[in-house]
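This report refers to the structure that appears directly beneath it.
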Amino acid sequence: MSQLETAMGMTIAVFDQYARTDGNRQTLSKAELKSLLEKELPNFLASGKDKNAIDKVFKNLDENGDSQVDFKEFVIFVAALTCCCHKYFEQNAAK
């Protein structure tokens with residue numbers, strides 16, 4: 001598989017790994033999202049000092065207000081975070 005295909009597969013695998021813990025494999029609960037962020041994106045949380053960061057992230061991701069984060073909502077988050085990282089690295093490379 002290409003690098004992009006591998007990355008896509010890993011995104012799906014990570015979502016599935018955490019979504020299955022409460023029995024609903026289609027969505028992430030707030031607890032599942034917290035676990036995913038703590039284990040898969042530890043630097044994302046460590047850099048912030050906001051104690052309510054996970055609540056805010058969850059609220060923003062839960063686009064349809066069903067108190068669950070589905071795969072589409074998760075992928076939008078990953079894509080947005082990736083865009084921010086790309087912009088950050090571009091700006092630092094230019095210095």
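By convention here, the first residue in the shown sequence is residue 1. Computed from a predicted model, the values in this text were never measured in an experiment. Side-chain atoms are counted along with the backbone in the values below, which use heavy atoms only and exclude waters and symmetry mates.
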- Message: Please evaluate residues Asp55 and Lys30 with respect to the criterion salt bridge (charged side-chain N to carboxylate O under 4.0 Å, His left out), reporting the C-alpha separation (whole Å), side-chain torsions for both, the decisive distance (0.1 Å), and the verdict.
- Response: CA-CA 8 Å; Asp55 289 336; Lys30 188 187 290 186; 3.1 Å; yes
- Item | Heavy-atom neighbours of Gln17 CD exceed 12 at 6.0 Å | yes
- Item | Single-linkage hydrophobic cluster, 4.5 Å side-chain cutoff, Met10 and Val69 together | no
- Task: Kindly compute the distance separating CG (Asn64) from CG (Asp70), expressed to the nearest 0.5 Å.
- Result: 6.0 Å
- Where Phe71 and Ile12 come nearest, the two heavy atoms and their spacing: CZ-CG1, 3.7 Å
- What distance separates Thr27 OG1 from Phe74 CZ, expressed to the nearest 0.5 Å? 12.5 Å
- Roughly how far, to the nearest 0.5 Å, is the CD1 atom of Ile76 from the CG atom of Asn60? 12.0 Å
- Grab the two heavy atoms, one from Asp62 and one from Asp66, that are nearest each other, plus how far apart they are. OD1-OD1, 2.8 Å
- Which is it for Leu81 and Leu41 under the side-chain contact (heavy atoms from CB on, under 4.5 Å) test, yes or no, and what are the steps along the way? CA-CA 11 Å; Leu81 188 57; Leu41 295 168; 3.8 Å; yes
- When every non-hydrogen atom of Pro42 is compared with those of Glu40, the smallest separation belongs to CD-C, 3.3 Å
- Which heavy atom in Val57 sits nearest to a heavy atom in Phe77, and how many Å separate them? CG1-CE1, 4.2 Å
- Find the distance between CG (Asp22) and CD (Gln68) and round it off to the nearest 0.5 Å. 6.5 Å
- Between Ala19 and Glu32, what is the shortest heavy-atom contact and its length? O-OE2, 3.0 Å
- Message: Could you see if Met8 belongs to whatever hydrophobic cluster contains Val14? Use Ile, Leu, Val, Met, Phe, Trp, Tyr and a side-chain cutoff under 4.5 Å.
- Response: no
- Point-to-point distance, once rounded to the nearest 0.5 Å, from NZ of Lys72 to CZ of Phe15: 13.0 Å
- More than 12 foreign heavy atoms under 6.0 Å from CD of Glu63: is that the case here? no
- Ser35 and Tyr18 have their tightest heavy-atom pair at OG-CE2, 3.6 Å
